[in-house]
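A quick write-up on the structure given underneath.
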Amino acid sequence: MFDVEKIRNDFPILASKVNGKNLVYFDNAATTQKPRRVIDALVKYYSEQNSNVHRGVHFLSDKATTLYENSRKTIAEFINAGKPEELIFVRGTTEAINLVAYSYGMENINSGDEIMVSTLEHHSNIVPWQILCQKKNAVLKVIPINDDGELDMDAFKKLLNSKTKIVSVNHISNSLGTVNPAAEIIKLSHDAGAVVFIDGAQSVQHLKVDVRELDADFYAFSGHKMYGPTGIGILYGKEKLLDSMRPYQSGGDMIKNVSFELTTYNELPYKFEAGTPDISGAIVLSEAVRYINSIGLDNISRHEHELLEYGTAKLREIEGFRLYGNAKNKASVISFLLEGIHPYDTGTILDKMGIAVRTGLHCTEPLMKRFGIPGTVRASIAMYNTKSELDSLFEGVKKAKRMLT
Ligand code: PMP
């Protein structure tokens, strides 16, 4: 059923050569490549459908508006949201977090309140909360991790208290691949009276997400990490929370009536979509969702897991290979160092062999500090990767080690 070669043929860029070698793309946690039907949908939009949304009575405006709103429905079904209106089109996960930190946070956080993140977080899920804490004289608390890169759930339970107002953690860590127990975190946080934001930037492309089953208050993800375009992402929020929040940005589309004396705001989701949105991005994102659905997240997950185990076992054969992130529940990331070798040097040699990996902090500086390392080499796996590409990575890492020691 799952035919990786067939899938690879859907991605034109995978046939490229880099430095005279076949491209081996293992930087999927940074951004994924795009299947032809996503690229075609973008061309089709600008060739046949382009118009501004929600504004005109003419044919094209109606068409673009219908496609835009249908896309919201498709993505809402993808994460099993209760209503499409609970989905806000944003630029990506970063904007989604900023929106909630600003809009929900400014209204609901007071002096002495606590906001909790974890050691595993991306800078996007730290800095907006930190700024909010500074503005409101609130306190940022941090859930520690163990040496395998798993959240210390006992410490989390101890940190939770009646002052905890927001808990914001990722579903899957971009640096270590740890799959966090999101449902349990949400349940415990709700019991303590806190609302929960789940950063799903690394999850919706790897596992089936059901926001209602999770009971997440907010859930965010980025189109470009799930085979869709850059510049578009989703903020999901429970209707009653979004309804209670003030607009994040203001201008056209987010208003109901404007006068110089008083302006009233539009209903959900438009209240949070000021100005002309990324119409093409929003429409094309649903094509990426249809593509993922056509392969099946269960199949994707199984394939990626097999590769993760295969690649990790193989790389472990190399003397001096040190793996970071050894969680029992882990997805699609192999983060490592070669003893005595800077990650940047390993990455540069791999690049000469046509192998794209990410090196450095992966926007998780506090996490790297926790391990006392200058960063890692990160190979992150997508549905189109193969065992033979992992063999190339293995040979590449061995070569890097020979050259650098
Ligand atoms: N959170 C996590 C876990 C991520 O991996 C990323 C992207 N690396 C982000 C947030 C930010 O996503 P974006 O840059 O698409 O806004």
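Nothing fancy with the numbering, it's 1 onward along the sequence. Both ligands and their constituent atoms are indexed starting at 1 by order of listing. Please read all numbers here as calculations on a predicted model, not as lab measurements.
In this structure, Tyr102 and Tyr248 have perpendicular ring planes: the angle between them is above 60°, well past the 30° mark. Between His54 and Tyr270, the angle of the ring planes goes over 60°, which puts this pair in the perpendicular group of the 30/60° scheme.
Considering Asp215, Asp243, Val195 in turn, Asp215 is the only one that fulfils the side-chain contact (heavy atoms from CB on, under 4.5 Å) rule with Lys238. The side-chain contact (heavy atoms from CB on, under 4.5 Å) with Ile79 is formed by just one residue from the set Val289, Asp210, Val211; it is Val211.
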Short N or O contacts of ligand 1 with protein, under 3.5 Å, listed by atom name?
{"unit_1": "ligand 1", "atom_1": "1 (N)", "unit_2": "Asp199", "atom_2": "OD1", "d": "3.3"}
{"unit_1": "ligand 1", "atom_1": "1 (N)", "unit_2": "Asp199", "atom_2": "OD2", "d": "2.5"}
{"unit_1": "ligand 1", "atom_1": "5 (O)", "unit_2": "Gln202", "atom_2": "NE2", "d": "2.7"}
{"unit_1": "ligand 1", "atom_1": "8 (N)", "unit_2": "His122", "atom_2": "NE2", "d": "3.2"}
{"unit_1": "ligand 1", "atom_1": "8 (N)", "unit_2": "Lys225", "atom_2": "NZ", "d": "2.7"}
{"unit_1": "ligand 1", "atom_1": "15 (O)", "unit_2": "Ser222", "atom_2": "OG", "d": "2.7"}
{"unit_1": "ligand 1", "atom_1": "15 (O)", "unit_2": "His224", "atom_2": "NE2", "d": "2.8"}
{"unit_1": "ligand 1", "atom_1": "16 (O)", "unit_2": "Thr93", "atom_2": "N", "d": "3.4"}
{"unit_1": "ligand 1", "atom_1": "16 (O)", "unit_2": "Thr94", "atom_2": "N", "d": "2.9"}
{"unit_1": "ligand 1", "atom_1": "16 (O)", "unit_2": "Thr94", "atom_2": "OG1", "d": "2.6"}

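Cation-pi geometry between Lys165 and Tyr104 is not met: the NZ or CZ atom fails to fall both under 6.0 Å from the ring centre and inside 45° of the normal.
For the residue pair Ser332/Ser380, the side-chain donor-acceptor check at 3.5 Å is not satisfied.
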